[in-house]
Amino acid sequence: MFEHEQQKISERIRSFCVQNDLPQPVEIAWSPVPFSGEWGISTSFFQLAAQEARQIKERTGQGVNVPQRAQEIAASVAEYLGKVPGFSRIEAVKGYLNLYFSSSEYARRVVDTVLAQGRRFGAGEPKSDRVMVEYAQPNTHHSFHIGHARNAILGEAMARLVEFAGYETIRATYPGDIGLGVITVLWAYDRFYKGQEPQGIHERGQWLLKIYVEATSLLEKKEDETEEDKKRRESYEQERREMLRKWDAGDPYVRQLWKETRQWSLDELEDIFDILGIHMDVWFFESDVDEPSKAIVDELIRLGIAEDERPFGGAVIVKIDEKLGLKKEKYRTNVILRSDGTTLYLTKDLALAKVKFERYHVDRSVYVIDVRQSLYMQQVFKILELWGFPQAAKCHHLGYGFVSLPEGAMSARRGRVVLFKDVLDDAERRVLSVIAEKNPSLSGEVRQEVARQVGLGALKYAMLSVDNNKDIVFDWDAALNFDGHTGPYIQYAAVRCNSILRKASAEGIELQEDVAFDYALDAAEVQLIDLISRMPSEVQRAANEYKPLTIANLAYDLARALNDFYDRCPVLKAEPDIRLARLRLVMAARQAIVNTLAILGIETPDAM
RNA sequence: GCCCCCGUAGCUCAACGGACAGAGCACCUGCCUUCUAAGCAGAUGGUUGUGGGUUCGAAUCCCGCCGGGGGCGCCA
């Protein structure tokens with residue numbers, strides 16, 4: 001928020017260097033002065049001193065004490081700058097130049113800016129790059145578990161982040177609606193359950209998972225298998241293969257069965273997207289990309305990127321390291337078409353990337369996919385590069401660690417999964433019981449809505465406050481904790497703001513726009529304003545580094561500062577002038593918290 | 001064999017190459033007739049796995065080692 005001041009002072013530092021025969025600093029980096037209490041910006045002179053020291057060493061061979069010299073430079077710069085308008089004082093400490101803001105003036109500017117911009121506070125200027133974020137690639141004929149939820153929550157936060165940072169953003173999902181897993185469910189459904197259909201979107205979706213688990217068990221070879229078991233299993237296997245063949249051949253009965261059951265999964269998926277606040281712009285179905293993707297194989301062969309080993313009974317492959325001219329093995333070789341002419345994931349991903357670039361004109365492509373696919377994703381990007389797509393350099397794999405259970409990895413095949421819907425239902429129950437205890441005056445209807453917002457907030461924040469490439473062991477109690485470093489803690493801070501504002505209005509206090517912060521600000525107020533002012537730059541940094549975590553941290557820091565302020569600075573009972581200023585600050589703080597939470601896809605309740 | 005990720009307080013995790021490595025949980029002590037205690041303050045807790053290197057400065061970058069996880073031509 002203070003780029004203008006920073007730039008002006010940077011210029012003066014540069015001219016100071018010229019006048020004093022110092023090397024030109026490569027970069028003058030500004031950061032907030034750490035340690036609470038006062039508020040300002042800071043830069044250091046270590047680099048400059050080291051640059052100078054190197055020159056002296058070259059000329060005279062003499063060594064220089066860099067920290068000491070940095071402090072000297074900082075001190076003379078402080079003297080050179082003298083009194084700078086807008087800053088109350090300047091100091092040189094340990095090689096750092098600290099410029100402290102005139103609190104009242106800047107406090108007012110920060111607060112006014114936030115309130116003028118409202119929901120847009122923190123947003124970046126529009127940028128020319130178009131970004132596509134692909135996330136939520138669950139298989140149909142399954143149910144949605146917390147591993148899928150991590151993907152969807154992270155992907156949505158990423159999409160909101162780049163969008164808020166100023167990029168044109170396209171959200172894309174890529175459900176896997178074909179393959180052996182899907183056929184397995186079709187077979188078992190047709191064989192044992194045809195005609196049955198549970199009522200309720202989630203019941204139906206979960207039922208398909210149950211069928212899948214049963215079917216897998218029936219098709220799995222058992223240790224103590226009898227001759228009879230074996231015969232039965234083999235005949236089941238035969239039936240499944242027949243089902244796959246018929247699907248491939250476009251058999252109307254099987255296709256109809258597939259479409260019907262697939263729709264059940266999609267109904268559930270759409271409902272979950274709805275719950276999570278996700279609105280996809282583009283749906284790429286695996287079944288749609290399958291056949292057309294074969295065309296790119298010929299193209300890659302023609303271009304000399306892929307090698308066709310089918311005449312010798314092999315597949316179509318790309319020797320990536322060789323084509324890149326690498327000596328050491330790094331990206332290896334991968335198959336882009338099976339020897340029997342059927343497609344692989346890679347076939348489809350390459351074709352899909354082409355569509356993204358050519359039809360959707362995507363400049364940057366973000367893939368939110370399990371970190372275990374990391375080599376695979378690198379292979380995709382490298383092949384795209386060989387293929388001549390300049391956008392390949394701006395493809396980014398946002399990997400995330402997998403979610404496991406205390407008892408081990410989740411396994412859909414074995415039915416050992418924690419379903420997202422179950423966790424959410426439990427979260428809402430827990431919130432309701434907390435409300436009953438803490439805020440029984442909330443009306444029944446509002447309670448339900450608050451339970452949804454807070455329960456979801458807890459879940460989402462638990463997923464987003466951990467670095468994406470760290471694995472998560474899902475702990476029911478930890479994920480649904482409402483105290484401390486959690487979503488509800490942050491929501492609660494915003495709710496406290498609402499409380500104050502509501503009460504102010506009830507007491508007939510009129511809010512004013514022309515309010516000065518002409519009093520000795522408490523350290524908590526300074527800290528709060530400081531954090532608020534960082535939001536715009538944090539948004540840019542987080543978007544450029546593809547790190548929603550940064551925003552999750554900022555949201556928490558804001559909430560903590562607000563709670564501290566709440567405790568130390570009375571608002572309604574303060575002197576009238578201070579009261580008006582603090583009310584404005586409360587409004588601004590609420591807006592900043594609401595905006596950071598919005599990036600994370602977390603709603604803020606009015607009360608809780 | 002090669003590649004990727006991780007190792008920070010008892011536990012779960014933060015920390016643009018920068019100033020005293022911070023939170024939460026758990027445990028202990030205080031604070032509700034004062035804007036909702038889903039809160040605040042305080043106490044305890046660290047040779048950032050290990051040995052080198054680069055740098056004025058390293059949890060962060062580079063190399064070796066130890067430990068954990070993941071991946072590596074017709075699965076997705």
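Values below: every heavy atom of this structure, side chains too, minus hydrogens, waters and symmetry copies.
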Taking only the [atom1] atom of each, what is the distance from [N] to [M] in whole angstrom?
N: B:C65; M: B:C3; atom1: P; value: 11 Å
N: B:A41; M: B:C32; atom1: P; value: 16 Å
N: B:U47; M: B:U60; atom1: P; value: 16 Å
N: B:G24; M: B:C62; atom1: C1'; value: 34 Å
N: B:A58; M: B:C63; atom1: C1'; value: 15 Å
N: B:C66; M: B:G22; atom1: P; value: 33 Å
N: B:A21; M: B:U8; atom1: C1'; value: 8 Å
N: B:U44; M: B:G30; atom1: C1'; value: 15 Å

* Asked: If you take all heavy atoms of A:D177 and A:S287, which pair is closest and at what distance?
  -> OD2-OG, 2.6 Å

Between [atom2] on [N] and [atom1] on [X], what's the gap in Å once rounded to a whole number?
X: A:L346; N: B:C75; atom1: CG; atom2: P; answer: 13 Å
X: A:Y174; N: B:A76; atom1: OH; atom2: C1'; answer: 10 Å
X: A:N439; N: B:U36; atom1: CG; atom2: C1'; answer: 6 Å
X: A:R568; N: B:G42; atom1: CZ; atom2: C1'; answer: 14 Å
X: A:N334; N: B:C75; atom1: CG; atom2: P; answer: 11 Å
X: A:N469; N: B:G7; atom1: CG; atom2: P; answer: 9 Å
X: A:K547; N: B:C16; atom1: NZ; atom2: C1'; answer: 10 Å
X: A:N553; N: B:A14; atom1: CG; atom2: C1'; answer: 6 Å

Go ahead and name the base partner of [N]; Watson-Crick or wobble counts if both distances stay under 3.5 Å, otherwise write none.
N: B:C56; value: B:G18
N: B:G67; value: B:C6
N: B:G1; value: B:C72
N: B:C27; value: none
N: B:A43; value: none

* Asked: Which label fits B:C65, syn or anti, where anti is any glycosidic angle not within 90° of 0?
  -> anti

* To do: Tell me whether B:G22 sits syn or anti, counting syn as a glycosidic angle within 90° of 0.
  => anti

Can [X] and [Y] be counted as an ion pair, charged N to O under 4.0 angstrom?
X: A:D477; Y: A:R430; value: yes
X: A:K547; Y: A:D467; value: yes
X: A:R310; Y: A:D308; value: yes
X: A:R582; Y: A:E525; value: yes

Check whether any side-chain N or O of [X] sits under 4.0 Å from OP1 or OP2 of [N], and answer yes or no.
X: A:R560; N: B:C40; result: no
X: A:R372; N: B:A76; result: no
X: A:Y566; N: B:C32; result: no
X: A:R590; N: B:C35; result: no
X: A:R541; N: B:C16; result: yes
X: A:R54; N: B:C56; result: yes

[X] side chain: which of [options] is closest?
X: A:K470; options: B:C13, B:C2, B:G39; result: B:C13
X: A:K330; options: B:C4, B:G69, B:C6; result: B:C4
X: A:Y492; options: B:U36, B:C74, B:A23; result: B:U36
X: A:F46; options: B:A76, B:C56, B:G39; result: B:C56
X: A:K573; options: B:U34, B:C56, B:G69; result: B:U34
X: A:L375; options: B:C72, B:G24, B:G73; result: B:C72
X: A:A607; options: B:G39, B:C75, B:U36; result: B:U36
X: A:V335; options: B:A19, B:C74, B:A14; result: B:C74
X: A:S31; options: B:A41, B:C16, B:C13; result: B:C16

* To do: Could you please spell out the steps behind the side-chain contact (heavy atoms from CB on, under 4.5 Å) verdict for A:F2 and A:S533?
  => CA-CA 8 Å; A:F2 308 105; A:S533 74; 3.7 Å; yes

* Asked: When you match A:D467 and A:M608 each to their closest nucleotide on RNA chain B, which lands nearer the 5' end?
  -> A:D467

* To do: I would like to know whether A:F482 and A:Y489 meet ring pair (Phe, Tyr, Trp, His ring centres under 6.0 Å); could you show each step before the answer?
  => CA-CA 7 Å; A:F482 306 144; A:Y489 173 94; over 10 Å; no

Can you find a donor-acceptor N/O pair under 3.5 angstrom joining the side chain of [X] to the base of [N]?
X: A:R332; N: B:C72; value: yes
X: A:S42; N: B:A19; value: yes
X: A:S499; N: B:C35; value: no

* Side-chain donor-acceptor pair under 3.5 Å between A:Y376 and A:H397, yes or no? -> no

* **Lys NZ or Arg CZ of A:R262 over A:F285 ring: under 6.0 Å, within 45°** => yes

* Asked: What nucleic acid atoms does A:Q379 come within less than 4.0 Å of, heavy atoms only: base, sugar-phosphate, or nothing?
  -> nothing

